[in-house]
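Written out below as structure tokens is the structure these notes cover.
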Amino acid sequence: MKPARFDYAAPGSLAEAVTLLAQSGEDEAKILAGGQSLMPLLNMRLARPQLLVDVSGLAELDYIREQGAGLAIGAMTTKRALEQSELVKRRQPLLHAATVLIGHPQIRNRGTIGGSMAQADPAAEYPAVALAMDAELVVQGPDGERCIKAEDFFVTYLTTALEPAEILSEVRVPELPAGTGWSFREVARRHGDFAVAGAAVTLRLEAGRCADTRIVVFGVGDRALRVDEAEQLVDGEAPTSGLFERAGTKLSEVIEEPLSDLHASADYRRDLARVLTQRGLAEAASRAS
Amino acid sequence: MTMARQVRMTVNGAACEGLAEPRTTLADFLRGELELTGTHVGCEHGVCGVCTVLLDGRAIRSCLMLAVQADGADVTTVEGLAEPDGKLHPIQEAFVEEHGLQCGYCTPGFLMAICELLESNPSPSDEEIKDVLGGQICRCTGYQSILRSVHSAAAKLGGGRSATGA
Ligand SMILES: Cc1cc2nc3c(=O)[nH]c(=O)nc-3n(C[C@H](O)[C@H](O)[C@H](O)COP(=O)(O)OP(=O)(O)OC[C@H]3O[C@@H](n4cnc5c(N)ncnc54)[C@H](O)[C@@H]3O)c2cc1C
Ligand code: FES
Ligand code: FES
């Protein structure tokens, strides 16, 4: 199908883009980034905005910078740039591992990190990375800038804390503390497809015991979920396969009924979450010191 | 304004211009306005890959980009691969020799995706090739002959030749 008519503006600066959005009525205007999620919706007429505000060309939002020990990433940075960045490979291995699981090079060439965060697909990799890494999302709006923690940013299925006239400008990813092991795993029907389910795990070892464990699963709920109950079971314990098995089982018991669709039943997703958590914990522990 | 506006871009090395409404995709602009119908359209939501073209050297879905967004860009389509005298590009030759196509509907997209791959990675591994081929759908070949075509094209292009012929 072809999109319904809309107007198009490509503002020359972030400030101009915010002003344009603020002047438009609610639901009238839509931000266009890489278009890899929005264009399909327009083509199928599932989205019918009156105005597209194209921010994909804003060079001021396209950067990967060291910020303290972490990275500050402009919202219009493409996944391809993140995939090919030595800085990301070296400093953010979990983010890098997640990036190459997103679609295909042909999609990563245009899709942006900001677009994925704003889209908030429950099966998408980046929101899970943001939660696991305790990232902050920097947002610019008519009233200036605000900084939102990942746990407050993703609200539910395709919904974030962004207000209509706000633009996500930067994603701040803190450094993984020294010695932290990590894992990022997913199961997809075909390489490059959205995950049926996935898990991101980080943990440290302190005197031979697990510490600061973070477990995030995605594809199983209305958004990526951090599961405290499973984390608490692991912290303070010696890293054994029995412990990781119990943590996976605990997680699968406490998450709400997962989505059931043509790709997988709720039961299958629940079981994937269990197995991926168990394997993710083991992998993270093997990388921890 | 939702009305058509003038869009200029370089396509296969030549300066081109035409009219595009904001909602016109790059794929439809190339096919309808510039009459370059080698770029095919299938799913129109990014999945099948037949509409893949090079934008400033990068393989992208032309169904997921607006023509107005490509104003000023450098676009390469399948028509830009062969020499003006009709001599096929080495990637095309490899497809012919290795039976990389049957009906051919998917082929323009595969060729352009492979162009970018071989340009950035002249001797890719099976895994690296599959990462790219995974983003293109073919209903006929079963992909193995396409995989062979890519290896064969890489060998033909060996010695530092540019995959896009540029
Ligand atoms: C074939 C295919 C396979 C894919 N596979 C995967 C996959 O495996 N995993 C995955 O996670 N994704 C996948 N995607 C989606 C892809 O990653 C998209 O790029 C991403 O979801 C959206 O990013 P974008 O830059 O393209 O944003 P757009 O499509 O331009 O925008 C998406 C939404 O976010 C809003 N938005 C964008 N940028 C901002 C901003 N800075 N501030 C506020 N709002 C903003 C837009 O208004 C829109 O509502 C796939 C897409 C395709 C076509
Ligand atoms: S038509 Fe563009 S990907 Fe299918
Ligand atoms: S050759 Fe027929 S779809 Fe690929």
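Because the structure is a prediction, the values reported are computed rather than measured. What you see below is based on every heavy atom in this structure, not just the backbone, and it leaves out hydrogens, waters and symmetry mates. Throughout, protein chains are lettered first and strands after them, A, B, ... in sequence-line order, and every chain is numbered starting at 1.
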Would you be so kind as to tabulate the donor-acceptor pairs closer than 3.5 Å made by side chains of residues 33-44 of chain A, with sequence neighbours excluded?
unit_1	atom_1	unit_2	atom_2	d
A:Q36	NE2	A:G34	O	3.0
A:N43	ND2	B:E44	O	2.8
A:N43	ND2	B:C63	O	3.1

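Residue contact with chain B, scored on non-hydrogen atoms closer than 4.5 Å, is absent for A:A9. For B:T24, no part lies under 4.5 angstrom from a heavy atom of chain A.
To the nearest 0.5 angstrom, B:L64 atom CG is 9.0 Å from A:R110 atom CZ. If you take CE on B:M3 and CG on A:D7, they are separated by 10.5 Å, rounding to the nearest 0.5 Å. Atoms CG and CZ, on B:D131 and A:R108 in that order, are 5.0 Å from each other to the nearest 0.5 Å.
Screening residues 97-130 of chain B for ring pair (Phe, Tyr, Trp, His ring centres under 6.0 Å) gives B:H40-B:Y105 as the qualifying pairs, with residues at least two apart or on separate chains.
By the neighbour-count criterion of 12 heavy atoms within 6.0 Å, atom CD of B:Q6 is densely surrounded, having more than that number from other residues, nucleotides or ligands. Counted within 6.0 Å of CZ on A:R45, heavy atoms from surrounding residues, nucleotides or ligands total more than 12; the atom is thus considered enclosed. Within 6.0 Å of OH in A:Y268 there are 12 or fewer heavy atoms belonging to other residues, nucleotides or ligands. Within a 6.0 Å radius of CZ in A:R279, no more than 12 heavy atoms belonging to other residues, nucleotides or ligands are found.
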**Message:** Could you walk me through whether A:Q106 and B:E116 satisfy the side-chain hydrogen bond (donor to acceptor under 3.5 Å, both in side chains) test, starting with their C-alpha distance in whole Å, then the side-chain angles of each, then the deciding distance to 0.1 Å, before giving a yes or no?
**Reply:** CA-CA 9 Å; A:Q106 298 89 314; B:E116 187 204 1; over 6 Å; no

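With chain B as partner, the option from A:D193, A:L51, A:V100, A:L32 having the largest number of non-hydrogen pairs under 4.5 angstrom is A:L32. Taking chain A as the reference chain and counting heavy-atom pairs below 4.5 Å, the highest number among B:L66, B:V47, B:V41, B:T25 is found for B:L66. Annotation: maximal heavy-atom pairing with chain A below 4.5 Å, among B:R58, B:H45, B:M112, B:R61, occurs at B:R58.
When all heavy atoms of A:Y8 and B:R5 are compared, the pair lying nearest together is O-NH2, 3.6 Å.
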